Protein chains: 2
Amino acid sequence: MVQRNAVPAVAMNIGEVAAAVDLPVKTLRYYEEIGLVVPQRQPNGYRRYTERDVHVLRFLRRARSLGFSIPDCRALLSLYGDAGRASADVRRLAEARIADIDRKMAELRGLRATLAALVEACHGDQHPDCPILDDLAGAGVS
Amino acid sequence: MVQRNAVPAVAMNIGEVAAAVDLPVKTLRYYEEIGLVVPQRQPNGYRRYTERDVHVLRFLRRARSLGFSIPDCRALLSLYGDAGRASADVRRLAEARIADIDRKMAELRGLRATLAALVEACHGDQHPDCPILDDLAGAGVS
DNA sequence: CCGCGACCCTCCAGTTACTGGAAAGATGCG
DNA sequence: CGCATCTTTCCAGTAACTGGAGGGTCGCGG
């Protein structure tokens, strides 16, 4: 069992966290404003983020970059946050989200196939056009 | 060889296309405004979309829903559209996009694992909290 | 030919999720 | 103490839509 929370980094100011989770400082402030991740404050008024906040923020960055909306993310977080209340609901919600993810995966595979086919089809010489792609773009999940 | 473009659907008005590609009419008008998909016009001023436009729009819907920005999409479309000019550039660009896609896939897998673990961990009884998730959220691609 | 509902048009305003910048306070170091 | 580098709030701007008003077009039934 590896102990991961070794260095608590006493302060955990906004800039530090921004670097750690790879999100702009501005975005963290925005997330506080909309009540998504609300850090505590230090006596000087600076935001203080916890390790948990950092985890949540990483989770958010991933989900957002994959096209989940903020409301989607809130739903995901409500699972993530207080798992263990109304398990059945949580479970259903999580499963629905997993279905979303599977759908997105399929779309990604389709997109990837389209791009890969393009690389394949035009690998060196100059074609005037690649009509094959017209088919491919429609071939995926639709 | 299956002939796909059998029914050209004489008009191909905006509403028809919107239904076909599963995007709101408003979005199609917006895409024209920003020069992404610019249909021709009928004598009465109605937009007339081609089969090709429909393909491109489907492609766009997919890419957008997966978190690619409009500039990203424009780059993808420039490949898709005139493949066959400056093959080397096209190839490099396409490959970069494929790398993006692979990164997104990995992130999706990570997200899915997190959610699946949640379903697993809390499958029936009431836990006060699922601290396991704290680790999971950080465990993926990062 | 006339209404009528469903479609289309443009234009303009509002929303979401940031993003940038000004003005000012806090921290840390030589 | 000065200076660079944080941090704060606030306000304005952007991207990518989204909704709604006001009005033209289409096609059908009477």
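Everything numeric in this text was worked out from a predicted model, so none of it was measured. Order of the sequence lines fixes the chain letters, A, B, ..., with proteins taken first and strands second; residue numbering starts at 1 for each chain.
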Span of DNA chain D engaged by chain A, first through last nucleotide within the 4.0 Å heavy-atom cut-off, is D:dC6 to D:dC10
Does A:Thr50 have any side-chain contact (heavy atoms from CB on, under 4.5 Å) partners at least two apart in sequence or in another chain, and if so, which?
A:Arg52, A:Asp53
Each base of DNA chain C marked ( ) or [ ] if paired in-strand (Watson-Crick or G-U under 3.5 Å), | if paired to another strand and . if unpaired gives ||||||||||||||||||||||||||||||
Nearest whole angstrom, please: distance from the C1' of C:dT16 to the OH of A:Tyr31.
11 Å
Name all residues meeting the side-chain contact (heavy atoms from CB on, under 4.5 Å) criterion together with B:Asp102; count only those two or more places apart in sequence or in a different chain, and write none if there are none.
A:Arg112, B:Ile98
State whether B:Tyr31 and B:Lys26 meet the cation-pi test: NZ (Lys) or CZ (Arg) under 6.0 Å from the six-membered ring centroid, and within 45° of the perpendicular axis.
no
CA sep, side-chain torsions, deciding dist, call: B:Leu28, B:Val37, side chain to side chain contact (heavy atoms under 4.5 Å, CB included):
CA-CA 8 Å; B:Leu28 302 198; B:Val37 176; over 6 Å; no
Output all residues satisfying salt bridge (Lys or Arg N to Asp or Glu O under 4.0 Å) with A:Asp100, sequence neighbours left out; order by chain, then residue number.
A:Arg97, A:Arg103
So, taking the atom named CG in B:Leu60 and the one named CG in B:Leu36, what distance separates them when rounded to the nearest 0.5 Å?
5.0 Å
My understanding is that only residues two or more places apart in sequence, or in another chain, count here; which of them pass side-chain contact (heavy atoms from CB on, under 4.5 Å) with B:Tyr46?
B:Asn13, B:Gln42, B:Asn44
Once you round it to whole Å, what is the distance between P of C:dT16 and CD of A:Glu33?
12 Å
Could you report the tightest heavy-atom contact between B:Val25 and B:Ala18, atom names first, then the distance?
CG2-CB, 3.7 Å
Can you tell me how far apart CD1 (B:Ile101) and CZ (A:Arg109) are? Round to the nearest 0.5 Å.
12.0 Å
Taking OP1 and OP2 of C:dT19, is either one under 4.0 Å from a side-chain nitrogen or oxygen of A:Thr27?
yes
Sequence neighbours excluded, every pair satisfying salt bridge (Lys or Arg N to Asp or Glu O under 4.0 Å) that has a member inside residues 35-47 of chain B:
B:Glu32-B:Arg41, B:Glu32-B:Arg47
Base versus backbone protein contacts along nucleotides 4-15 of chain C [heavy-atom cut-off under 4.0 Å; B, S, -]
---BSSBB----
Listed by chain and number, what are the side-chain contact (heavy atoms from CB on, under 4.5 Å) partners of A:Ser69, not counting sequence neighbours?
A:Pro71, A:Asp72
For B:Pro71, which contact category applies under a 4.0 Å heavy-atom criterion: base, sugar-phosphate, or nothing?
sugar-phosphate
Round to the nearest Å and state the distance from B:Arg64 atom CZ to C:dT16 atom C1'.
12 Å
Roughly how many Å is it from CG in A:Asp22 to P in C:dC18, rounded to a whole number?
13 Å
